[in-house]
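Each chain gets a letter, A, B and so on, in the order its sequence line appears, and its residues count up from 1.
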Amino acid sequence: MLEERPLTYDHRAIEPAWQARWEADGIYRADDADPRPKYYVLEMLPYPSGDLHVGHAKNYTLGDAVARMMRMRGNNVVHPMGWDAFGLPAENAAIQRGIDPDSWTRQNIDNMRRQIKLMGTGYDWTREFATCDPEYYKWNQWFFLRMYERGLAYKRETPVNWCPHDQTVLANEQVHDGRCWRCGHLVERRNLSQWNFKITDYADRLLAGIDRLDGWPERIKTMQRNWIGRSEGATFSFDIEGIGDARIEVFTTRVDTVFGVTFMAIAPEHPIVAKILAAIPPEKATVEAFAASLSSKSELERTQLMEKTGVPTGAFAINPLSGERVPIWVTNYVLAEYGTGAVMGVPAHDERDFEFAQKHGLPIRQVIVPGEGTGELVAGDLTEAYCDDGVLVNSAQFDGVESADARIAIIEELESRGRGKMTVNFRFRDWLISRQRYWGTPIPMLYCERDGMVPVPDDQLPVVLPRGVAFTGQGSPLANDAAFINTTCPKCKGPAKRDPDTMDTFVDSSWYFVRYLDPHDSTKAFDKAKASAWMPVDQYIGGAEHAVMHLLYARFFYMFMIDAGYITGDDEPFTRLFNQGTLLRGGEKMSKSRGNVVGIDETVETYGVDAMRLFLLKAAPPEDALEWTDEGIVGRVRFIQRVWRACEPLAAEAGRTPLDQLPACAGDAQRALVRALHLALKSAHDETSTRRFHYNVTTARLDELVNLLTAATRDEALAHDPAVLYAIHALPIALAPFAPHIADELWQRMGHATSVHIERMLDADPAALAVDEITVVIQVNGKVRGRVQAAPGVGEDDVFALALAESGVQQHTSGKTVRKKIFVPDKLLNIVVA
RNA sequence: GGGGAAGUGGCGAAACGGUAGACGCAGUCGCCUCAAAAGCGACCGAGUGUGAGCUCAUGUGGGUUCGAUUCCCACCUUCCCCACCA
């Protein structure tokens, strides 16, 4: 028997020691000059909220396994980590608890960095930065100025949530039931002049680029397409009766229904409202009261009202095609921000218009009928809008024309009269980046009494966020800070004021992945050659909650950078995207606010990092939601200990066994063992190559291997067999991407001076996977009736002969005629009888 | 309302056109032990049979196929995202 001694893998001693050693040796640093093929693995930039839980560990463990796997497959891997450090929580901490946002954030970063290292992750920490570092956000300001120069950053009046008591702008999440989160006063809408990035200029490119993103999940691409929301239609104008040259422009995708217009619906904010009321005053009071009742409500509330309401303005519009006179209504269901802010009301062919017309007794006229140009009206009394295409009726010269043709013909008619044209509208709007907050990147703009709006010159960047400002919760800390606001105009040297706003934190995360490639450059955002060499990100990993905004903004920014020539290559930054599933506990997403978190520190202390990592990889495919269970991780602790007991006593001996050739296998047990090893290797390679990352299957293969190893090492006759020693020697390599600590510890005990993590992953050898006897399944009429053993490559006739000797097969074939045989070599023979 | 994903043992899951349930968790039994824990071993979808086995079984109903968990259609259920975008 093997020597009896306490065989326990002591994670508390071993794991921290390896983490220290890796850091000291710098084995995860990426070298720009390394000639091997580059591979950029990136997990989405985390917000330093404070404490990590095992849900975060799920995300980082997968990224880490992928990075380690790619490194061991011979790539020059860059795998960086940093902090999305600006944002509202830090400012709330300042307001509520008087903590400086910078100190609060830095403390959180320190703790989270410690915890991420505790997970045994292999990041290149030399590339770390936080977006709240002036050395980083300086370049946010620099990019802003470059966009401004190109007309991609512009100012526009936009409504915001405004608390009249605290005299401050509120983020949507600070408004609860229409009231201020701090003081409970009713929130109003107020217009402020704010900065926007003209992302809509890139709408078509952002949309077209999606088609090339073969490595992205289909659902994310669909969400982006829907968010961009391209729709083709016509924009044309109606005259307003009695008001000189005033016209109302409408946008519609169904210009074929234009003869069915029975009213005009406009948003209360539409500028024409004031003109109408000035010229035709009788309904002034009603309309203004209606507009006022909506003005305080956010778009969200208005749309959640669901019930469509409105009031007539007393004015009439003239249908440019029919010459018909229709009333103009102000309604809550037309959005000022989309299209032209005015809609032609066609109740017969639009659900919303139908609902509105029914409620307000407006006429409903059908002009599209289903079918092949019959011209027959289905009925005068529609019970719902008919929204499909069909054939036009009641439409003058367009009667009998198919909808699709009619749309083209009518647009041409309108165009010939100078009344309208074909247009494309997008659902998404320009990216509003101004935030009336402190903890963000100051917008590098000045307002001079003499020179007007003046950009901050590049040599005066960064505009540094002042420290020690007052956080009262009232007003904006920056706007209130006279020392910050008051400055000198770079043109006239006269007095000027700074823009009091900061940028949306999505700006920070829109280009950080390029900064990692040249993180300490103080002269530029990044070096063109370095960035162009490393980009694009080969594998991006993160949650689906960023499916739209972050990923769209980052794509936009990257296209801008390519266009500006800051970087060369394809204009899509993320070749492959992997969406991790969430971690659940008690059926709910693990989160601080739900109070169901399991901490990293406790888990690592109790069970060990490797056990935690293996559980997170093993329990489910990575894209699925995964339920955390304490029993599950105990099972992985058992696995770790089984590995230790099987391998550690034989480590030195196994370390002398060559790995560059397959061992001689004296018997079935040896062959099975070597085969199990190579099946595990094959799974690891396959899951990595296909980018499925279903390492839950790979870990199952490792379980099978370790089960065989356990049996073999307990058998005195087998324990020192070359095949057994070979498998033991290879196990740390196979285990390294998933359980990096025990892997390196065993590797060292096998006599290796360098880390297992810089070893080459072993290839799966087809010779080791081969078997000398296979089982062929015999089916009769598609049902399994027997199995026969044969040598691989056995022919159909031989299998058939063997099959007929099986009693189960005979039962179902005797007295019947064999009509057909389907033979799948080495797998199956299906005998079809009748 | 629109879009997307998914329904397999007591549980997490595997197989994704070819032996359904690998592997793990929970459970049952055995060995070891004074005993327990740990460890090791066996069993572990349902029904039926002494047994070899047979029958049923991957949400429901159809279809394609020699053969379907896998592909197609419809329905049911659950989850996620977007929700008055003219």
With a cut-off of under 6.0 Å to the ring centre and 45° to the axis, is A/R642 in cation-pi contact with A/F639?
no
| query | Cation over ring, A/K821 on A/F800, under 6.0 Å and within 45°? | reply | yes
The glycosidic conformation of B/G9, counting syn as within 90° of 0 and anti otherwise, is syn
Does OP1 or OP2 of [N] have a side-chain N or O of [X] closer than 4.0 Å?
{"X": "A/R638", "N": "B/A38", "answer": "no"}
{"X": "A/K827", "N": "B/G18", "answer": "no"}
{"X": "A/N696", "N": "B/A14", "answer": "yes"}
{"X": "A/R645", "N": "B/C40", "answer": "yes"}

For residues 214-227 of chain A, the salt bridge (Lys or Arg N to Asp or Glu O under 4.0 Å) pairs (sequence neighbours left out) are A/D211-A/R225, A/E218-A/K221
Could you check which nucleotide pairs with [N] in any of the strands shown, counting Watson-Crick or G-U wobble with both distances under 3.5 Å?
{"N": "B/G1", "result": "B/C82"}
{"N": "B/C71", "result": "B/G63"}
{"N": "B/C56", "result": "B/G45"}
{"N": "B/C40", "result": "B/G30"}
{"N": "B/C16", "result": "none"}

Can you tell which of [options] lies closest to the side chain of [X]?
{"X": "A/W227", "options": "B/C82, B/G12, B/A86", "answer": "B/C82"}
{"X": "A/A700", "options": "B/C23, B/A86, B/G67", "answer": "B/C23"}
{"X": "A/P621", "options": "B/A86, B/G41, B/A13", "answer": "B/A13"}
{"X": "A/H694", "options": "B/A14, B/A86, B/G18", "answer": "B/A14"}
{"X": "A/L828", "options": "B/G18, B/A83, B/G39", "answer": "B/G18"}
{"X": "A/R714", "options": "B/G4, B/U19, B/C40", "answer": "B/C40"}
{"X": "A/T222", "options": "B/C23, B/G4, B/C81", "answer": "B/G4"}
{"X": "A/I822", "options": "B/C66, B/A86, B/G12", "answer": "B/C66"}
{"X": "A/D624", "options": "B/G18, B/A83, B/A13", "answer": "B/A13"}
{"X": "A/V784", "options": "B/U19, B/G12, B/A86", "answer": "B/U19"}

In this structure, how many angstroms lie between the [atom2] atom of [N] and the [atom1] atom of [X], rounded?
{"X": "A/N579", "N": "B/A6", "atom1": "CG", "atom2": "C1'", "result": "15 Å"}
{"X": "A/I368", "N": "B/A86", "atom1": "CD1", "atom2": "P", "result": "17 Å"}
{"X": "A/M223", "N": "B/C79", "atom1": "CE", "atom2": "C1'", "result": "13 Å"}
{"X": "A/I228", "N": "B/C82", "atom1": "CD1", "atom2": "P", "result": "15 Å"}
{"X": "A/L584", "N": "B/C80", "atom1": "CG", "atom2": "P", "result": "10 Å"}
{"X": "A/L335", "N": "B/C82", "atom1": "CG", "atom2": "P", "result": "17 Å"}
{"X": "A/Q224", "N": "B/G3", "atom1": "CD", "atom2": "P", "result": "19 Å"}
{"X": "A/E704", "N": "B/A13", "atom1": "CD", "atom2": "P", "result": "19 Å"}

Base, sugar-phosphate or nothing for [X]? Non-hydrogen atoms, less than 4.0 Å.
{"X": "A/G339", "value": "nothing"}
{"X": "A/S231", "value": "sugar-phosphate"}
{"X": "A/R785", "value": "sugar-phosphate"}
{"X": "A/V697", "value": "sugar-phosphate"}
{"X": "A/R787", "value": "base"}
{"X": "A/D353", "value": "nothing"}
{"X": "A/N707", "value": "sugar-phosphate"}
{"X": "A/K783", "value": "sugar-phosphate"}

Nearest-nucleotide check on RNA chain B, A/G229 vs A/R701; residue mapping nearer the 5' end is A/R701
Ranking A/E631 and A/F428 by the position along RNA chain B of their nearest nucleotide, the one closer to 5' is A/E631
Could you give the distance separating [M] and [N] at their [atom1] atoms, to the nearest angstrom?
{"N": "B/G24", "M": "B/G30", "atom1": "P", "result": "22 Å"}
{"N": "B/U8", "M": "B/G3", "atom1": "C1'", "result": "27 Å"}
{"N": "B/U69", "M": "B/A6", "atom1": "C1'", "result": "13 Å"}
{"N": "B/A20", "M": "B/G67", "atom1": "P", "result": "15 Å"}
{"N": "B/A86", "M": "B/C76", "atom1": "C1'", "result": "34 Å"}
{"N": "B/A22", "M": "B/A36", "atom1": "P", "result": "30 Å"}
{"N": "B/G49", "M": "B/C54", "atom1": "C1'", "result": "8 Å"}
{"N": "B/G9", "M": "B/C43", "atom1": "C1'", "result": "15 Å"}

Does the side chain of [X] pick up a donor-acceptor pair with the side chain of [Y] at under 3.5 Å?
{"X": "A/Y695", "Y": "A/T688", "result": "yes"}
{"X": "A/Y386", "Y": "A/D350", "result": "no"}
{"X": "A/E623", "Y": "A/H694", "result": "yes"}

| message | Please determine whether a side-chain nitrogen of the Lys or Arg among A/D703 and A/K618 lies less than 4.0 Å from a carboxylate oxygen of the Asp or Glu. | response | yes
*Over 60° means perpendicular and under 30° means parallel, so classify the ring planes of A/W644 and A/Y9, tilted if in between.*
tilted
**Request:** Test ring pair (Phe, Tyr, Trp, His ring centres under 6.0 Å) on A/F506 and A/W431 and set out the steps.
**Result:** CA-CA 10 Å; A/F506 276 121; A/W431 175 11; 7.2 Å; no
Quiz item: [X] side-chain donor-acceptor pair to [N] base, under 3.5 Å:
{"X": "A/E218", "N": "B/G4", "value": "no"}
{"X": "A/K308", "N": "B/C84", "value": "yes"}
{"X": "A/D703", "N": "B/C23", "value": "no"}

* To do: Begin with the C-alpha distance, continue with both residues' side-chain angles, and end with the deciding distance and a verdict on ring pair (Phe, Tyr, Trp, His ring centres under 6.0 Å) for A/F263 and A/F356.
  => CA-CA 10 Å; A/F263 65 98; A/F356 187 78; 5.4 Å; yes
